[in-house]
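Down below is the structure, laid out as structure tokens.
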There are 2 protein chains.
Amino acid sequence: MSKATIYDVAGAARVSLATVSRAINNPEKVKPETRERVLRVIEELGYKPNAFAKGLASRKSTTVAVVVPDMSRASIAEMMNGIADIARVYKYSILLYVLESEDASEEDILREIIAAQVDGILYLNDEITSPQYEFLRTIKNTYQIPVVLTNTFYPEDDEIPSVSIDYERAGYEITKKLLDEGRKHIYMVSTVRKYMVNDLKEAGYLRAMNESGLEPKVMRTSGRISINTEHFNEYFKDNKVDGVIAVRDSIAISFMNVAFENDVRIPEDIGVCGFQNTKYARLARPQLSCVDLPIYDMGAVGMRLLTKLMNKEEVTDRVIKLPHSIVLRKTTL
Amino acid sequence: MSKATIYDVAGAARVSLATVSRAINNPEKVKPETRERVLRVIEELGYKPNAFAKGLASRKSTTVAVVVPDMSRASIAEMMNGIADIARVYKYSILLYVLESEDASEEDILREIIAAQVDGILYLNDEITSPQYEFLRTIKNTYQIPVVLTNTFYPEDDEIPSVSIDYERAGYEITKKLLDEGRKHIYMVSTVRKYMVNDLKEAGYLRAMNESGLEPKVMRTSGRISINTEHFNEYFKDNKVDGVIAVRDSIAISFMNVAFENDVRIPEDIGVCGFQNTKYARLARPQLSCVDLPIYDMGAVGMRLLTKLMNKEEVTDRVIKLPHSIVLRKTTL
DNA sequence: CTGAAAGCGCTTACAG
DNA sequence: CTGAAAGCGCTTACAG
């Protein structure tokens, strides 16, 4: 039959609806006996409070909005797992908003989120522009709803907390690794489109190269993943390249494929490193060395931080950088 | 600067709140002049109806629940893109529920979904068990809320509509392809854990092999993706294998890696095929031939079907199979 | 075409 | 510790 309401429970337990409400939300405020009686009836009737009525009356939704650019990126999906796990622990529901739609601007979508009365917003992205940041800040302040950036941060300001990774340092460290192998002509392969996270990796690479008095060389692929033969001939064939760091695993693998066609030995002739440690790094031949990024953790920590904010708990660390590591496999010496 | 309510709009437009409500939801029922006046005020005030009040009063949420087993599977993520795009077109919000949690049983999660008052449920999975199906059917009938299965279906019953792929036929066709190349000793590599979709691929493989009077051979990997040297020695080394069909691209790639270590030439000695056509099929060396699955479309069509159901439109096709295709690359002749 | 009013199912001061 | 009652912000018959 149709759903039981709080009235049904109150009737069956012979108490008022106020008591039922308290038995659920403030158990300590009701006498143990009546509380148990109420709880038993709730069990029997399979009663679940109507989320709308609850949200309307309490002005809290126990729902968070998760805003993502595009689900099909491996990192986004894995972060969602971390988010979902923590959300469940703290009993929050997740409203999912996928940007990158022709039908609606980002602003429209954020307005929609406000109307949905979420308690918090988790903003996942590789980057954030000034207007985007300002808009989020306005939302936060106008509607008093906490926002957390995940996998990105805004360099000039920390009003909106963020959890991310020290990409600059990771870029530095992985370059160092190749440098330590005695390599001197190391390329960084990045993307044409500017992403904040990739720019940071690049900055780290530049720092390491400069420290060693070596000339940095950056190549930018236009496609999403592929290094093709033309690229290879243009950038790598004539140069005495002995190291390649790609901003994504897939770019590294793609590079290896053309390199093999051109009889390059990896890692002997060229050392190759990727970023992220996707499961495909292990499927590459040879297995790819790369920076290991704690993607799941980023989602989990971001969500946890948001729960603290929603709960008005004290948050000391507003800009969290999660530790990464470097996984050495077969594409480095 | 708290949010404007319907009262604020009514006041500013000098009408009753009923008229405001109509201007939004049944514009044809209000005189053009007043409608425009109301709409202008709404614009000025940046008014957005409170989703809770609306949901409570109208008993509709314009929200659907999407239930997934694990976000990090590439197919799930890509389906979410299709779902999100169509959801946006029809103005539905998405509540995301990730199963596979120790903290809550699937039943608990479904109860939670009911409490959230969603208008429909999209159930994404590789398979569905009898108890799961029965439970979904109960929900559908008890609460009158439409459910659509995506990427799976229930063989014995079509009460719950589904959109999926003819995996059996795909398995048959890809086996045929290898058979047509003159290969006779074709292995199917599946998973130890039984998944409905994999069993169907296997059934198609068996049919093709039997038709040709050839002996079918199935190997099951225990790990999630890897074929290791032991597997290779046990199954492939002594046998005169000349074809391998893997139920996932990653398994096919993993097989290729050990095969190369053992000096097998692909596709000359062994033809290899995968399933799904992930972007990693193109990153494999040699590039992997495989069945191409319309993953995005499955999400989109599933969501579209759900909107029809929620709208009480007539639905003739309750069991939809989307067309797949076969992409031939370098691991077949 | 428009308004007054009841009602959706909860929470939460306020009394007692 | 418990109950009566107001109120959250909408929708929707029902009159007019």
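Just so we're on the same page: letters track the sequence lines, and every chain starts at 1.
- Defined by atom type and a distance below 3.5 Å, a donor-acceptor pair is present between the side-chain atoms of Tyr154(B) and Ser130(B).
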Q: Decide yes or no on side chain to side chain contact (heavy atoms under 4.5 Å, CB included) for Arg318(A) and Phe153(A), but give the supporting numbers first.
A: CA-CA 10 Å; Arg318(A) 306 183 65 78; Phe153(A) 65 98; over 6 Å; no
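- What separates NZ of Lys29(A) from C1' of dT11(C) is a distance of 11 Å, to the nearest Å.
- Under the Watson-Crick or G-U wobble criterion, with both distances below 3.5 Å, dA13(D) is left unpaired in every strand shown.
- Counted by atom type alone, Tyr133(B) and Asp157(B) present one or more donor-acceptor pairs between their side chains at under 3.5 Å.
- Sequence order on DNA chain C of the closest nucleotides to Arg35(B) and Ile24(A) puts Arg35(B) first from the 5' end.
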Q) Val163(B) and Arg304(B): side chain to side chain contact (heavy atoms under 4.5 Å, CB included), yes or no, with the steps? A) CA-CA 10 Å; Val163(B) 15; Arg304(B) 177 65 185 107; over 6 Å; no
Q | Per-nucleotide protein contact string for nucleotides 3-10 of chain C, where B marks a base within reach and S marks sugar-phosphate only (heavy atoms under 4.0 Å, - for neither) | A | BB--BBBB
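- Across the strands present, dA4(C) finds no partner; the criterion is a Watson-Crick or G-U wobble pair with both atom distances under 3.5 angstrom.
- Put simply, the side chain of Tyr47(B) reaches to within 4.5 Å of the side chain of Pro49(B), judged on heavy atoms.
- Of the N and O atoms on the side chains of Asn311(A) and Tyr90(A), not one donor lies less than 3.5 Å from an acceptor on the other residue.
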